[in-house]
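Contents: one structure, followed by commentary.
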2 protein chains.
Amino acid sequence: MGSRELKKAGLKATLPRIKILEILGSNDVRHMSAEDVYKALLESGDDVGVATVYRVLTQFEAAGLISRHHFEGGHSVFEMNEGEHHDHILCVKCGRVDEFLDETIEKRQHALAKERGYAMTDHSLYIYGVCAACQKEQ
Amino acid sequence: MGSRELKKAGLKATLPRIKILEILGSNDVRHMSAEDVYKALLESGDDVGVATVYRVLTQFEAAGLISRHHFEGGHSVFEMNEGEHHDHILCVKCGRVDEFLDETIEKRQHALAKERGYAMTDHSLYIYGVCAACQKEQ
DNA sequence: AACCAAATGCAAACAATTCTCATTACGATT
DNA sequence: AATCGTAATGAGAATTGTTTGCATTTGGTT
Ligand SMILES: [Mn+2]
Ligand SMILES: [Mn+2]
Ligand SMILES: [Zn+2]
Ligand SMILES: [Zn+2]
């Protein structure tokens, strides 16, 4: 279980934290909202409060265990940090999410920031469109 | 005044709509939240309800008069549609906003979407960093 | 001037997230 | 293994940003 990771991240290994780490780790669904995580906890019979879910997700993010995205529609979406940084392409019809990493774009971003005198710290890029499957159906 | 633009957009030229168009048009601040617009209205002595501000902004967006962005922090930010499409670079210290348009990135986005079978409809790209001025101080 | 659908203002309703605070559970220490 | 202090939790109230319902105006057309 995730007690190891938690301690390594300087976090007490509590039941809610272990469970949430498990849920995000099960590569069942990679991108989950706080609500999704909360529901998954309830379904697996674990009684964790919403407040705790939000607190833990924020802590995990601060600890670098997960990252937070802002997909169109407002609320935050989280995913386990494993593998490289990447950006997202989303289907506006069915909500499907694909990931990609493009060196050309990554480099251009840094160059653009530099040109304008900024010390770049981060970026977020989302491409929206209609996925192959959704294009077919009518 | 903006009666012309409003009618051309198929919208009744009402007082609230004219005022809001004026506020967004005065290139005083280019990027404003609904709250910003609401406050600007109050300050200029115009009594418009928040609900109307939100409704009008949504209508303006649908009519293509303005566009909506989601800067980090969640809530929507609007800006008048004039000139080309562009993306944004934001200072995480002072909130400064700069604009840019990079053909290389624009093209790569289309290519990436295509590669993955998506019919791209839109995209959003934000670069975050510390602006020149904020780097200097301390 | 009269009329009507469309637009407005107000307040209540919402959704996502955060805060408050009394209670509980890690995990370090006897 | 029992004890203890602190950090973490759960329940619910509170916030924030935004939307909705509805009675009342208003713009534009006759
Ligand atoms: Mn991802
Ligand atoms: Mn802009
Ligand atoms: Zn799809
Ligand atoms: Zn700055």
Side-chain angles (χ1 to χ4, degrees), chain A residues 1-23 31-42 44-63 65-78 95, chain B residues 1-23 31-42 44-63 65-78 95:
Chain A
M1 46 243 54
S3 306
R4 269 285 137 66
E5 288 104 306
L6 287 173
K7 286 184 182 154
K8 195 160 49 173
L11 295 169
K12 228 186 210 175
T14 68
L15 223 48
R17 297 214 257 231
I18 291 170
K19 293 292 180 188
I20 293 177
L21 204 55
E22 269 176 22
I23 288 173
H31 306 92
M32 305 181 80
S33 67
E35 188 68 12
D36 292 338
V37 173
Y38 178 63
K39 280 183 188 147
L41 284 166
L42 291 192
S44 71
D46 296 298
D47 237 320
V48 176
V50 232
T52 301
V53 172
Y54 280 100
R55 273 186 299 237
V56 169
L57 288 172
T58 301
Q59 293 159 348
F60 282 6
E61 187 196 7
L65 293 173
I66 65 177
S67 41
R68 178 196 304 256
H69 306 294
H70 297 283
F71 292 169
E72 196 75 11
H75 55 302
S76 294
V77 174
F78 303 84
Chain B
M1 49 240 54
S3 306
R4 269 284 138 63
E5 288 104 304
L6 287 173
K7 286 185 183 153
K8 194 159 51 177
L11 296 168
K12 225 184 207 176
T14 67
L15 223 48
R17 300 217 257 233
I18 292 170
K19 292 293 179 185
I20 293 176
L21 204 56
E22 269 176 20
I23 288 173
H31 306 90
M32 305 180 81
S33 68
E35 188 68 14
D36 292 337
V37 173
Y38 178 62
K39 280 182 188 150
L41 284 166
L42 292 191
S44 71
D46 296 297
D47 237 320
V48 176
V50 231
T52 301
V53 172
Y54 280 99
R55 275 186 297 235
V56 168
L57 288 173
T58 300
Q59 293 158 349
F60 281 7
E61 187 195 7
L65 293 175
I66 65 177
S67 41
R68 177 195 303 256
H69 307 294
H70 296 282
F71 293 171
E72 194 75 12
H75 56 300
S76 295
V77 174
F78 303 84

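What's counted below: heavy atoms across the whole structure, side chains too, no hydrogens, waters or symmetry copies. These numbers come from a predicted model, not from an experiment.
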Enumerate donor-acceptor pairs with a distance under 3.5 Å from any side-chain N or O in residues 45-56 of chain B to protein atoms, sequence neighbours excluded.
{"unit_1": "Asp46(B)", "atom_1": "OD2", "unit_2": "Ser44(B)", "atom_2": "OG", "d": "2.7"}

**Message:** So, using side-chain hydrogen bond (donor to acceptor under 3.5 Å, both in side chains) as the criterion, who are the partners of His31(B) when residues are at least two apart?
**Reply:** Glu79(B), His88(B), Glu99(B)
**Request:** Under the side chain to side chain contact (heavy atoms under 4.5 Å, CB included) rule, collect the residues that match up with Ala13(B), sequence neighbours excluded.
**Result:** Ser3(B), Leu6(B), Lys7(B), Ile18(B)
**Item:** Set of side chain to side chain contact (heavy atoms under 4.5 Å, CB included) partners for Lys12(A), sequence neighbours left out
**Value:** Thr14(A), Arg17(A)
**Message:** For chain B and DNA chain C, what are the first and last nucleotides along the strand, 5' to 3', with at least one atom under 4.0 angstrom from a heavy atom of the protein chain?
**Reply:** dA6(C) to dA11(C)
**Residues forming a side chain to side chain contact (heavy atoms under 4.5 Å, CB included) with Lys39(B), sequence neighbours excluded** = Glu35(B)
Pairs: protein N or O with nucleotides 17-20 of chain D N or O, under 3.5 Å:
{"unit_1": "dT18(D)", "atom_1": "OP1", "unit_2": "Ser76(B)", "atom_2": "N", "d": "3.0"}
{"unit_1": "dT18(D)", "atom_1": "OP2", "unit_2": "Tyr54(B)", "atom_2": "OH", "d": "2.7"}

Polar-atom pairs under 3.5 Å, protein N or O versus N or O of nucleotides 27-30 of chain D: list them with distances, or write none.
{"unit_1": "dG28(D)", "atom_1": "OP1", "unit_2": "Ala13(B)", "atom_2": "N", "d": "3.2"}

**Request:** Please report the C-alpha distance between Leu21(B) and Glu5(B) in whole Å, then the side-chain angles of each, then the deciding distance to 0.1 Å, and finally whether the side-chain contact (heavy atoms from CB on, under 4.5 Å) criterion is met.
**Result:** CA-CA 9 Å; Leu21(B) 204 56; Glu5(B) 288 104 304; 4.2 Å; yes
**Item:** Value in whole Å for how far the P atom of dA8(D) lies from CG of Leu21(A)
**Value:** 15 Å
**By side-chain hydrogen bond (donor to acceptor under 3.5 Å, both in side chains) - contacts of Glu61(B) (at least two apart)** = Arg68(B)
**Request:** Could you list the residues that satisfy side-chain hydrogen bond (donor to acceptor under 3.5 Å, both in side chains) with His75(A), not counting sequence neighbours?
**Result:** none
**Request:** For Ala63(A), check side chain to side chain contact (heavy atoms under 4.5 Å, CB included) against everything at least two apart and list the hits.
**Result:** Ala9(A), Leu11(A), Leu65(A)
**Request:** Apply side-chain hydrogen bond (donor to acceptor under 3.5 Å, both in side chains) to Ser33(B) and list each qualifying residue two or more places apart in sequence or on a separate chain.
**Result:** Asp36(B)
